[in-house]
*Asks:* 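Below: one structure in structure tokens.
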Amino acid sequence: MKICCEKNELFERLQSIAAITGGGPTTKSILRNCLFVATDKELQIKATDLDVSACLQIERQEVDGKGELALPAARLLSLVREVPGNRIIIEATKDGKGATVCSESGEYSFKLLGESPDEFPEVRGFSGEGALELPRAKFAEMLRRVAVAASRDSSRYQLTGVFCEIEGGLLKMTATDGKRLTTDEMEIDNPASAATSGIIPNRAVDVMVKVLSQGEESVKFALEETEVQMSFDGGEMMAKLVEGTFPEYKSAIPSEVKSEVTADRGQLVAAVRSASLVTDKETEAVIFRFKGKEVAIESKGSDIGESMIRVDVEKEGEDVEIRFNPSYFVDALRTIDTEQVRMEFFGSERPGAIKGELSYRHYLMPLVVN
Amino acid sequence: MDAFYCSVEELDNPSLKGRPVVVGGTPEGRGVVATANYAARKLGLHSAMPAARAVRLCPKAVFLRPRPERYAEASRQVFSIFEKYTPLVEPLSIDEAFLDVTASRLTGSPGSFDAEGYGAGEAIARELQQKVEAETGGLTCSIGIASNKYLAKIASDLRKPRAIVVVPLGEEEKFLAPLPIQKIWGVGPKMAERLEAIGMKFIGDMQRLGVEPLQRALGEETGEHFWRLCRGVDQRPVVTDQEVKSISQEKTYGEFLDSGDRETIERELFRMSDKVARRLRARELWGRTVQLKARDERFHTVTRSSSLESPTCLVEEIYQAALGLLDDRVDFGDRRIRLLGVGVSGLTSEPRRQLDFFDSGELEQAENIAAISDAVRRKIGDQAILRAKMLERGEEKGPEDDEPDAAVRPPRP
């Protein structure tokens, strides 16, 4: 089997699946491989870690001979990056357990040891019944922005993903690491009959955001009892849902707005970043004092000094004084892409909300002094 | 300093020069080599080698008994030279130190007017190296110049003896790329094995791999940690002796602890964490960085630290962090443990606590309970309230407080 394909396309595919093939220290070596499958009609690249699987098409290619080839994905990715030229040639060795990878001109040639393709676990095809049809780019963007708040702490495993709920014509997404909480929703054109929910694990979200970010087409999305399935132009994906119950987050979201503030997003990001230069590693807190037509952003580092930066704002409601971790605050502002940012405050020991253009909300828990 | 103990010996006894010299161990083959000079190193001798083996490899080597007081004296002399260049000197050991020369300039030495800012580092290093050699009468040192401590340390070890290695600003990654992964701080044999398993041989391999695959292979935090180190990122400041603000507790075990004896190790860490936590509370301090120190039977010492989400004064948090460090970042194989230590730094008297959406005030409650138990222990004695975890099996009394701390235990009325 001999494959000739475009370097950039292959590189992108390998990068998309890197979250699956990376594996942990105990991962079986075959799972660190990606599987090339060539048939008469098409060339696919598959990856699975038994929990998350993906099967992607490689479009611009020429294949000589049918067959399968398993190659170590991370290693292949770094080779593909090095090879010069626009196209890349992968030719299976005679025993089928490896390949030569070379540039089209032949100057660069690597012999890469792989594994027997027979050992590669089966990657099931899409079978999602009653799947939702969702706009691909919008879905990917929503997922990306919500996922920012998902916990990376494995000891809070039920928070290590994006919680999806399908209910009453809406798809809702929520993520939280306890300190911040993001939510967003979109209307569904063809709602499924039964309400369902599930936590899509971070690793799957990473891959989904990468493979879905481009393309105007729709994506088929099936949220089932224990897994989520997706089918889209150019591939399919499947992931086991995180076992466990997502916390009762709705009661944690405050409702009585005390003040509403609008500010220039760029100015605010710059100000908070500057203030964060003068915080102690021990405290990492920046005080926001919203008063009248401005916010005073103050910080203090016991061995460094102090900062005081003023930014003009529009405010309705009470004056507020609240402390946030500056990096969480900046992360939150970065998920918004409007020039002006709107914020809501509910009291100095209640979360603050940073509002996106439509339904996106990014809640941040403040810091308090003991 | 280059082969410090041996160099001091050669200084005091010039006839040793050029001969293989070993400090530590005896010619009869007892004990362990503490330092070997460069002539001995050429013959394959190195520190921590059993003297018996050293004798076999090099029967002609001169074995000297260590003279710690003399080395300390020489060390003080060298450190006093360092202090002429910057007040920011952080001793790392008797013969190693970090110097922050960001704000230093060479003055009074003709021809070095352009030596300012980052470029001054090299000029200062050159002068410092000459001055140390001249003023001590012949002790030589090697210097690494870099934008942070971690890289400076690697650079200083790279081409000993009498070397000056500069890591140009902005070329940190390039500098590290060709070095083997073992050069990374904290990469011991076991970690090296794990990295090699994912195809990492040189630091450059890790740089190309990216953070996510590293995290998957090593775990979230460790992956992130080594991702920073492989790109030369290290933001720890140079801290002088006086500035160090930490509370710590350590214990040397006459009878070494078995690395596999979890129960004992956990109990010891818990007891030390408890002492540290009580001392923090007695001073109304909270700390955010937990350090673990461990030394194995071959005198190999490691210190590891990690930062907590919020500053703490609670035994559980300190203990969990210390245990986590021991499990994830210390690899002694089956070598026994001769010292353990737990410490907390990054102290503050005004802690800011990050609120949590799903936390129901457990931490505040825990701090209240701790304060009450402190009060009871002060009044009735240390044995009044103990955690089961601190007791040995079949033991009814906890450990005696071997280092009474005045702040923790004021004299009884």
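We name chains A, B, ... by the order of the sequence lines, and we start the count at 1 in each one. Any value given below was found using the heavy atoms of this structure, including those in side chains, with hydrogens, waters and symmetry copies removed. As the structure is a computational prediction, the values presented were derived from the model and not from experiment.
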*Asks:* Could you tell me if the side chain of B:Leu355 sits less than 4.5 Å from the side chain of A:Val368, heavy atoms only?
*Replies:* yes
*Asks:* By a 4.5 Å heavy-atom criterion (distance strictly below it), what part of A:Arg75 contacts chain B: side chain, backbone, both, or neither?
*Replies:* side chain
*Asks:* So with a 6.0 Å cut-off around OH of A:Tyr108, is the heavy-atom count from everything else above 12?
*Replies:* no
*Asks:* Please flag which part of A:Glu349 lies under 4.5 Å from any non-hydrogen atom of chain B: side chain, backbone, both or neither.
*Replies:* both
*Asks:* Examine whether an atom of A:Pro366 lies under 4.5 Å from a heavy atom of chain B, and if so say whether it belongs to the side chain, the backbone or both; otherwise answer neither.
*Replies:* both
*Asks:* Above 12 or not: heavy atoms from other molecules or residues under 6.0 Å from CZ of A:Arg273?
*Replies:* no
*Asks:* Side chain, backbone, both or neither: which part of A:Glu82 has a non-hydrogen atom closer than 4.5 Å to chain B?
*Replies:* side chain
*Asks:* Which pairs pass salt bridge (charged side-chain N to carboxylate O under 4.0 Å, His left out) with one or both residues in residues 213-227 of chain B, sequence neighbours excluded?
*Replies:* B:Glu224-B:Arg228
*Asks:* Of the backbone (N, CA, C, O) and the side chain (C-beta and beyond), which part of A:Arg156 lies under 4.5 Å from a heavy atom of chain B, both, or neither?
*Replies:* side chain
*Asks:* When heavy-atom pairs shorter than 4.5 Å are enumerated against chain A, which of B:Gly210, B:Ala217, B:Gly287 gives the highest number?
*Replies:* B:Ala217
*Asks:* Would the number of heavy atoms belonging to other residues, nucleotides or ligands and lying under 6.0 Å from NZ of A:Lys7 be above 12?
*Replies:* yes
*Asks:* Side chain of B:Gln354, backbone of A:Met365: donor and acceptor closer than 3.5 Å?
*Replies:* yes
*Asks:* Let me know if A:Tyr328 has heavy atoms under 4.5 Å from chain B in its side chain, its backbone, both or neither.
*Replies:* side chain
*Asks:* For A:Lys111, does the NZ atom sit with more than 12 other heavy atoms under 6.0 Å from it, leaving out its own atoms?
*Replies:* no
*Asks:* Determine which pairs satisfy salt bridge (charged side-chain N to carboxylate O under 4.0 Å, His left out) with at least one residue from residues 185-202 of chain B, sequence neighbours left out, and list them in order.
*Replies:* none
*Asks:* Do B:Arg208 side-chain atoms and A:Ser78 backbone N/O form a donor-acceptor pair below 3.5 Å?
*Replies:* no
*Asks:* Side chain from CB out, backbone as N, CA, C, O: work out which of these in A:Ala74 comes under 4.5 Å of a heavy atom of chain B, or both, or neither.
*Replies:* side chain
*Asks:* Counting only heavy atoms from other residues, nucleotides and ligands, does the tally under 6.0 Å from NZ of A:Lys97 exceed 12?
*Replies:* no
*Asks:* Do you know which of B:Gly219, B:Gly199, B:Pro213 has the most heavy-atom pairs with chain A at a distance under 4.5 angstrom?
*Replies:* B:Gly199
*Asks:* Rounded to the nearest 0.5 Å, what's the gap from CG on A:Leu181 to CZ on B:Phe358? Could you check?
*Replies:* 5.5 Å
